[in-house]
Amino acid sequence: MKFIFDKQGDTLIVHMQGELDHHSSVSFRNALEGMINKTNAKKLLLDFKGVPFMDSSGVGVIIGRYKSISQRGGQVWVTNLSPQVKKVMEVSGLFNIIKVRK
Amino acid sequence: MKFIFDKQGDTLIVHMQGELDHHSSVSFRNALEGMINKTNAKKLLLDFKGVPFMDSSGVGVIIGRYKSISQRGGQVWVTNLSPQVKKVMEVSGLFNIIKVRK
Amino acid sequence: MNKKNEFKVEFLSISQNESFARIVVSAFAAQLNPTLEQLADIKTAVSEAVTNAIIHGYENKLGYVKIHGIIDDKGITISVIDEGKGIEDIEKAKQPLYTSKPELERSGMGFTVMETFMDEVIVESHVNKGTRVTLKKYLADTSD
Amino acid sequence: MNKKNEFKVEFLSISQNESFARIVVSAFAAQLNPTLEQLADIKTAVSEAVTNAIIHGYENKLGYVKIHGIIDDKGITISVIDEGKGIEDIEKAKQPLYTSKPELERSGMGFTVMETFMDEVIVESHVNKGTRVTLKKYLADTSD
Ligand SMILES: Nc1ncnc2c1ncn2[C@@H]1O[C@H](COP(=O)(O)OP(=O)(O)O)[C@@H](O)[C@H]1O
Ligand SMILES: Nc1ncnc2c1ncn2[C@@H]1O[C@H](COP(=O)(O)OP(=O)(O)O)[C@@H](O)[C@H]1O
């Protein structure tokens, strides 16, 4: 899995490419947590355009980042969800804590 | 595997779609041989545009049709070969009996 | 119950093989001409079960994960089997948000995803012997 | 000879499973980041060996075809195994254009394709016991 980071104001935008499963979630978690701390981001926007598939391992990473960002009083958004990714997020109740940006 | 037949003059053109292996070659052989007899074609042009993969089962079918067509004094052409299809045809010596149409 | 096709696969419990398992099961399920959503459901459920075998069953020690797939008149049945540590309390394990590995940022939603995405989920497990998760999806075979 | 990954799969000897076998082996080989041509070579050779197991080994009777894949420092090794009728004269069988089933329009080029597309082809066979074809391709692992 590949990710490109883009900081705009106090928002960290992450463009993701590849399948987000347990295998890829480990390096994704580390890179993302590192970048949040380094850029001191308040807002996080995860762009799933290049992610055709995600399982509950991805949900775990998003909840983890939601926690980091919440501690700073920030907010997490996701965008460009494939039907499969959206369904996994819905079933996991993720939309109760994060928002979808159209 | 799907195939579309198109008769133009004494040429039977066959547009193929799918992988040509032993499984698909059986129905392909039957359909093709039937159509050659029905249309009384002298020339056969096999369009591999929609065929990403072929193995030596496909070679067997082409040699078989080459025989039917030769008996009528005709000729077989192939066109739009993927690198994999071309390599299998080369290794099998198929280009000694059939021609490539650019 | 007319068995129409069947496969068994086994592979090492390393995380690279999670995507391998998804591809293998998708290729097998594709023979039933499922819709894109049905195929995605099966792929997702398998991904959850295989990940659990690797993380929880073998706890990242090396072992073999096995998958057994059957296509019959009713649809597809996929069993994911490990010979790892097993589950002590299956009812508790199945609860949404329950995870024994919060330090790995597990969401505890694996079984919930499997149960939502599949028509039947059967969990059999024996401590120190291993776990078998059987996933069924009812699908009419529309192929010839 | 450091074994890095491994899988085994078995499936029914029906022709629908030829494409299944190709996808399984491709998904496994993809872990080595092969070029498109290397991947196509492996896929083609496996297709030949699996087809032979189904047509010649089991002669369209129902049996199980097994594939064993290993990735090590040198590359990939794929064995295709059947418990079918076996090959009496392996040297003859390997000759270009030789086929025992011309009535099925076999080209007799299966072994030639395997030997051209792979770096090593080893055929072991016992009459009425079965056949094992081992296909090797040398590939450096360029993944992380
Ligand atoms: N194959 C398995 N072997 C042992 N324990 C398992 C297995 N699968 C699941 N479990 C247990 O069930 C719990 C819940 O699983 P799950 O709902 O998939 O959530 P998660 O994987 O996020 O922990 C796991 O945390 C683990 O304790
Ligand atoms: N798995 C097998 N079991 C029994 N016989 C086999 C097997 N594989 C190959 N053979 C024999 O070797 C011959 C040559 O095989 P091959 O070069 O692949 O050509 P083809 O499949 O077109 O006949 C076959 O015709 C068959 O007699």
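All of these numbers come straight from a predicted model, not from anything done at the bench. To find a chain, count down the sequence lines: A is the first, B the second, and so on, and within it residues start at 1.
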Under the criterion side-chain contact (heavy atoms from CB on, under 4.5 Å), I'd like the reasoning laid out for Phe53(A) against Ser47(C): C-alpha separation, chi angles, the key distance, then a yes or no.
CA-CA 10 Å; Phe53(A) 178 88; Ser47(C) 197; 3.7 Å; yes
Step by step, would you call Ser57(A) with Glu18(C) a side-chain contact (heavy atoms from CB on, under 4.5 Å)?
CA-CA 12 Å; Ser57(A) 304; Glu18(C) 291 157 8; 6.0 Å; no
Does the pair Val113(C) and Asp55(A) meet the rule for a side-chain contact (heavy atoms from CB on, under 4.5 Å), with working shown?
CA-CA 8 Å; Val113(C) 167; Asp55(A) 64 17; over 6 Å; no
Verdict with supporting geometry, His23(A) and Ser19(C), side-chain contact (heavy atoms from CB on, under 4.5 Å):
CA-CA 8 Å; His23(A) 179 67; Ser19(C) 59; over 6 Å; no
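Residue Thr99(C): no heavy atom, backbone or side chain, is found under 4.5 Å from chain A. For chain A, no part of Leu36(C) is nearby; none of its heavy atoms comes within less than 4.5 Å. With a threshold of 4.5 angstrom between heavy atoms, Thr116(C) approaches chain A through side-chain atoms but not through N, CA, C or O.
Atom CZ of Arg29(A) is surrounded by more than 12 heavy atoms from other residues, nucleotides or ligands within 6.0 Å. Taking a 6.0 Å sphere around NZ of Lys94(C), one finds it holds more than 12 heavy atoms contributed by other residues, nucleotides or ligands. Sparse packing is recorded around CD of Glu37(C), with 12 or fewer heavy atoms of other residues, nucleotides or ligands lying under 6.0 Å away. Crowding of Ile4(A) atom CD1: a count of heavy atoms from other residues, nucleotides or ligands under 6.0 Å not exceeding 12. The environment of Glu90(A) atom CD is dense: over 12 non-hydrogen atoms of other residues, nucleotides or ligands sit within 6.0 angstrom. Shown here is Lys99(A), whose NZ atom has no more than 12 heavy atoms of other residues, nucleotides or ligands within 6.0 Å. Few gaps surround CD on Glu59(C); more than 12 heavy atoms of other groups in view lie less than 6.0 Å from it. By the neighbour-count criterion of 12 heavy atoms within 6.0 Å, atom NZ of Lys38(A) is sparsely surrounded, having that number or fewer from other residues, nucleotides or ligands.
Separation of atoms OG (Ser56(A)) and CE (Met109(C)) is listed at 8.0 Å; rounding is to 0.5 Å. A distance of 6.0 Å separates CD in Gln84(A) from CZ in Phe117(C), rounded to the nearest 0.5 Å. Atoms CG and CD1, from Leu97(C) and Ile63(A) in turn, are 7.0 Å apart once rounded to the nearest 0.5 Å.
With hydrogens and angles disregarded, no donor-acceptor distance shorter than 3.5 Å links the side chain of Ser107(C) to the backbone of Val59(A).
A salt bridge links Arg65(A) and Glu105(C); the closest N-O separation between the charged side-chain nitrogens and carboxylate oxygens is under 4.0 Å. A salt bridge links Asp41(C) with Lys87(A); the closest basic N to acidic carboxylate O contact falls under 4.0 Å.
Defined by atom type and a distance below 3.5 Å, a donor-acceptor pair is missing between the side-chain atoms of His22(A) and Thr51(C).
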